[in-house]
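The next block holds one structure in the form of structure tokens; read it before the comments.
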Amino acid sequence: MDPFAAYLGKKRFQPPNHHMDYNFRDIEKKWQRHWEASGAYTVSNDSTKPKYYVLDMFPYPSGAGLHVGHPLGYIASDIFARYKRLQGYNVLHPMGYDAFGLPAEQYAIEHGIHPADSTRQNIATFEKQLNNIGFCFDWSRRVNTSDPGYYKWTQWIFLQLFGSFYDRPLKKARKIEELVAIFTHEGNQDYPCPGDDSIRFTAEDWAGYDQKQQQDILMHYRLAYCGYGEVNWCEALGTVLANDEVVNGVSERGGHPVEKKTLRQWYLRITEYADRLLEGLDSVEFSDAMKEMQTNWIGKSSGAEISFQIESELGTVPSFTAYTTRPDTIMGVDFCVLAPELDWIIQIASVEQRPEVEKYIAYVKSRSERERMAEKRITGCFTGAYAINPFDTDKKIPIYISEYVLAGYGTGAIMAVPCGDERDYKFARNFQIPITNILGDLFDGETANPTKDAKLVNSGFLNGLPMREAMEVVIDKLTGAGIGKRKINYRMRDAAFSRQRYWGEPFPITWKDGVAIPLNEKELPLLLPQVEKYGPGPGGAGPLATIEEWTGKGLETNTMPGYAGSSWYFLRYMDPHNTEAFCDPAASSYWNQVDLYIGGTEHAVGHLLYSRLWTKILYDLGFISFQEPFKKLLNQGMIQGSSRFVYRLHGTQEFISHGLIAGQQVDKIHVDVNIVDGVELDTEAFKKWKNQEFANATFILEDGKYICGVEVEKMSKSKFNTVNPDVLVEKFGADTFRMYEMFLGPVEQSKPWDTKGIEGVHRFLKKLWRLFFEEEKGAVFTEDAPTAAELKVLHKTIQKVQSDTERYSFNTVVSAFMVCVNELTELKCHKKQILAPVLIMLTPYAPHIAAELWQALGEDGEVLDAQFPAFNPALVRESAKNYPVSINGKMRTNMEFPLDMDKQSLEAAVLGNEVVQKWIEGKTIKKFIFVPGKMINIVI
RNA sequence: GCCCUGGUGGUGGAAUUGGUAGACACGCAGGACUUAAAAUCCUGUGAUCAGCAAUGGUCGUGCGGGUUCAAGUCCCGCCCGGGGCACCA
């Protein structure tokens, strides 16, 4: 019921006073309209104030709309943006949409709706929902990655990547034309080819190459280049699948078989930037965990490449190269393992082993990389061929293939040392391969020991050497003999940058005689063409391959992946309407780095690494003046869903309460959390739910209630555990909703959503309201001068709100406000001099109620632009401390002492205390510990 | 499997640098106001033992060890949940 109507019904003979009740619906609408009309959130690039840039990871506008998990980070960033504004900063706080992506395309395939249309609709829904919550986004800077005005510049940046190479000596990107000049003068002797280091040529060679040969070589240097890579191919669907669309080797949709297929792909040469991406981590404020994840992803290791001769029946493959981080263990190599997908494996297989090898290769082809790495079982297959240890040519080493060796890492071949590596050890045991002990006493024969501190034995020329020294000896010897070399390796691979899909940026590339030719800048944007069908093209090509007009022009039929547009969007917000450049250098040098970036850890290695890469390249090419995009990163936790279940007695329409299901055969069914109060099912609502699918349900209750089962799962529409923020905003208001999301816990922590506690926050705002207006009396605020006690409450709050906001501890700020209002209520404080600063502090958290009460107090200007109150330590200073007194570390009593009391008299007073006496009676005091301002501990 | 992360009352959480574990809320119980309800307000609320009570004892931060005068916090080992693992975004 409308509170105002209720009020009228009760007090019909008094004139209505809108201020007596906290009428949040009217207040919030009023201020949202006002702020929109006044352009309160429009941000200028031209300001004398210091700048501050607060950014959220922009959302993919899914058809399911916003759920309560989305706004968690947005509320945090909104609070921080508003807080910085109160501190006198010019704050950029934009929002936009990462609008290309697979779901819209899948929806198009299933419903025939063009992705642009469904995306537009989804964005409208998202934006309406976002606006309900009262964010201070500058919507005039909104970006949409699928808008041609935006992707024109994504394509433009791609052309810069295509037209650049990484100069290793200078450690920066340069124009490819400059590389051509180098080749013309001196060949590539100082610029070994990153794509294939066997390519060597002189200036004369280069001059002798034809156009195609030169272009093929340049392709091996470009930062965006074309190559070949394996994808998950599903023949039945005729399409390439993402890893998470493949479950147990079959497609998630339809359960069709999936296998590896090699396709032409675009890549970004991120491996060239591996070292700079690592070094850059020192200059940014990411959590240690985040830095660790990125470091591990890049996976830099140093070791050696070692060439092994092969002895096989056919003898057609003379040797292979293995990468190892432990060249010192070379004499302990008991077998080698190759990646099964290497195409020459079958040539080294013996006649006897060949059928088994073929069977094993087929098995691996059906496995996703994820499955291969997660596999606990040891599988593999002997090839029938042997490798020769380069330092002991009498030692024949069996060559195996196994799925745990991936072709994409290192050379796709490992030398296995079972006494020093656990996985090798288990493999050796499984295939009964004899184990050579090169560790002496440090190997017990039972478990591998990965030590680097052993003195080598059974190691020929290395015997007696400590392992750390042996590494250098082996590398030197390998290099001298020309059968190996020192090698820095990265686990990170070049980033696949093409998708065989429709709903992405088209590549501004045409193909002529196998040569990729970039479009002229003036031809951008290359618009995504209309298609009839969104299904795949022939032979694994994307939908664009089905358009004759497109293929007729020789245009590239792949499109860019989701992370293309999101790798640079933070730059576009700075200058969103520029048609001449992706961002004016004046704008990017004013706004500079994102000062605070908020988003989930699920983007730890993907998006965050790619955008760091793009920023570095744009910096190298002179387009921007900084090389790390995000100065400070705050990871928000995931809001999980708390699912509810009902239990149907199998084969009936009878539902049995959770406490009674033991021993019953039941069907466990997800039920909409919105028709469950806590765990109690609203049985009438249940009968109407899902178009009355359960209209005939009957219930077996416990204590007169139907109790549901509970499980924490990902929040998802299909699990009926989503909670729509609109419903909560309607019921409690945006201010309550904002504060409740923060009150839920630390913003970094994941937690299941529970609506139950929201009323506590709502009560707090009502209680705050009553400091200003009371039901009977109306306005109760006064001009009186505050007392010392009231000032102390205020300044304690200022200190807490400021320090906790600055360390992003928003949940404790909310409770600080609660404590403040509780104490002011206790003190019956209605004084403007206390209340006004409280409103300013509250503005970032609950902007609408703060604005309304600020106006009611008759304060000047907008509370949005007020000045954050200054903390005065003198007003909170204490002269005494109530000390905990412990005996042997156990708290026994409290005693109050002046803070400046000297230790002697304090010790005497403590020892004279009755409770202390009781505990130390008859025992000698070994130690008296006194930490001034903290605690007292007596050791007996 | 590998990498990261979390685990504290019935519930969400607080304890910022090793120093009074459980702030602030929810829920629950009892009470006030009301014809009644809603709203609001007040009191209590980790477990357990003793006591009519005031109060006092013991236990207690996933589990097992350790360091320390003192451990939720530091160290070692383990268990369980969450995220990521390269075409979901």
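Order of the sequence lines sets the chain letters (A, B, ...), proteins ahead of strands, with each chain counted from 1.
- Using C1' as the reference atom, rG82(B) and rA25(B) are 25 Å apart when rounded to the nearest Å.
- Within the 4.0 angstrom heavy-atom criterion, only backbone atoms of the sugar-phosphate kind lie near G101(A); the bases stay farther away.
- Between F773(A) and V780(A), every side-chain heavy-atom pair lies at or beyond the 4.5 Å cut-off.
- Within 4.0 Å of Q265(A), counting heavy atoms only, lies at least one base atom of the nucleic acid.
- Interatomic distance, L911(A) CG to Q917(A) CD, rounded to the nearest 0.5 Å: 7.5 Å.
- Between F507(A) and S498(A), the closest side-chain pair of non-hydrogen atoms falls below 4.5 Å.
- Taking side-chain N and O atoms only, R372(A) has no distance below 4.0 Å to OP1 or OP2 of rC2(B).
- Comparing rC26(B), rU20(B), rA15(B) by their nearest atom to the side chain of R807(A) picks out rA15(B).
- Nucleotides rC42(B) and rC33(B), compared at atom C1', are 11 Å apart to the nearest Å.
- Here the separation of rG9(B) from rU5(B), taken at their P atoms, is 23 Å to the nearest Å.
- Base pairing of rG72(B): no nucleotide in any strand meets the Watson-Crick or G-U wobble criterion (both distances under 3.5 Å).
- rC88(B) and rA71(B) have their P atoms separated by 48 Å, with the value rounded to a whole Å.
- Side-chain atoms of L744(A) and Y740(A), non-hydrogen and from C-beta on, do get closer than 4.5 Å to each other.
- Remark: the K934(A) side chain and the rU17(B) base include no donor-acceptor N/O pair separated by less than 3.5 Å.
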For the pair H67(A) and I639(A), evaluate side-chain contact (heavy atoms from CB on, under 4.5 Å) and give the outcome as yes or no after the intermediate values.
CA-CA 9 Å; H67(A) 63 63; I639(A) 299 260; 5.8 Å; no
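- The base-pairing partner of rG10(B), taking Watson-Crick or G-U wobble contacts with both distances under 3.5 Å, is rC26(B).
- The shortest distance between the side-chain N/O atoms of K766(A) and the OP1/OP2 oxygens of rU40(B) is below 4.0 Å.
- A 3.5 Å limit on both hydrogen-bonding distances identifies no Watson-Crick or G-U partner for rG18(B).
- For W919(A), a side-chain nitrogen or oxygen approaches OP1 or OP2 of rG57(B) to under 4.0 Å.
- OP1 or OP2 of rU5(B) has not a single side-chain nitrogen or oxygen of Q749(A) nearer than 4.0 Å.
- Residue-to-nucleotide contacts include a donor-acceptor pair under 3.5 Å from the side chain of Q500(A) to the base of rC87(B).
- The shortest side-chain heavy-atom distance between E602(A) and M57(A) does not fall under the 4.5 Å cut-off.
- The phosphate of rC41(B) (OP1 or OP2) has a side-chain N or O of R770(A) nearer than 4.0 angstrom.
- Across all strands shown, rU58(B) pairs with rA47(B); the Watson-Crick or G-U wobble distances both stay below 3.5 Å.
- To the nearest whole angstrom, the two C1' atoms, one in rU68(B) and one in rC76(B), are 16 Å apart.
- When the side-chain nitrogen and oxygen atoms of N937(A) are compared with OP1 and OP2 of rU20(B), none of them lie within a distance under 4.0 Å.
- Among the nucleotides rG82(B), rG13(B), rG19(B), the one closest to any side-chain atom of S750(A) is rG82(B).
- Atom NZ of K903(A) has more than 12 neighbouring heavy atoms from other residues, nucleotides or ligands inside a 6.0 Å radius.
- Using a 4.5 Å heavy-atom cutoff, the side chains of H607(A) and Y563(A) are not in contact.
- With both pairing distances under 3.5 Å, rU40(B) is matched to rA32(B) as a Watson-Crick or G-U wobble pair.
- At the phosphate of rU20(B), neither OP1 nor OP2 sits under 4.0 Å from any side-chain N or O atom of R892(A).
- Two residues, N894(A) and S815(A), neighbour RNA chain B, and the one matched to the more 5' nucleotide by heavy-atom proximity is N894(A).
- Remark: R499(A) is in phosphate contact with rC87(B), judged by side-chain N or O atoms under 4.0 Å from OP1 or OP2.
- Dashed line: the shortest gap from a side-chain N or O of N811(A) to OP1 or OP2 of rC24(B) is not under 4.0 Å.
- L241(A) comes within 4.0 angstrom of the backbone, heavy atoms only, and of no base.
- Using a 4.0 Å heavy-atom cutoff across all strands shown, H607(A) reaches no nucleic acid atom at all.
- At a threshold of 4.0 angstrom between heavy atoms, the contacts of M891(A) include nucleobase atoms, whether or not backbone atoms are also involved.
- For the C1' atom pair drawn from rU34(B) and rA21(B), the interatomic distance equals 41 Å after rounding to whole Å.
- In terms of phosphate contacts, K890(A) brings a side-chain nitrogen or oxygen within less than 4.0 Å of OP1 or OP2 of rC59(B).
- Mapping N296(A) and K800(A) onto RNA chain B by nearest heavy atom places N296(A) at the nucleotide closer to the 5' end.
- Using atom P as the reference point in both rG6(B) and rU73(B), the two lie 13 Å apart (nearest Å).
- With its glycosidic angle more than 90° from 0, rG72(B) is assigned anti.
- Using a 4.0 Å heavy-atom criterion, one finds that A604(A) contacts no nucleic acid atom at all.
- Pairing of rG1(B), defined by two Watson-Crick or G-U wobble distances under 3.5 Å, is identified with rC85(B).
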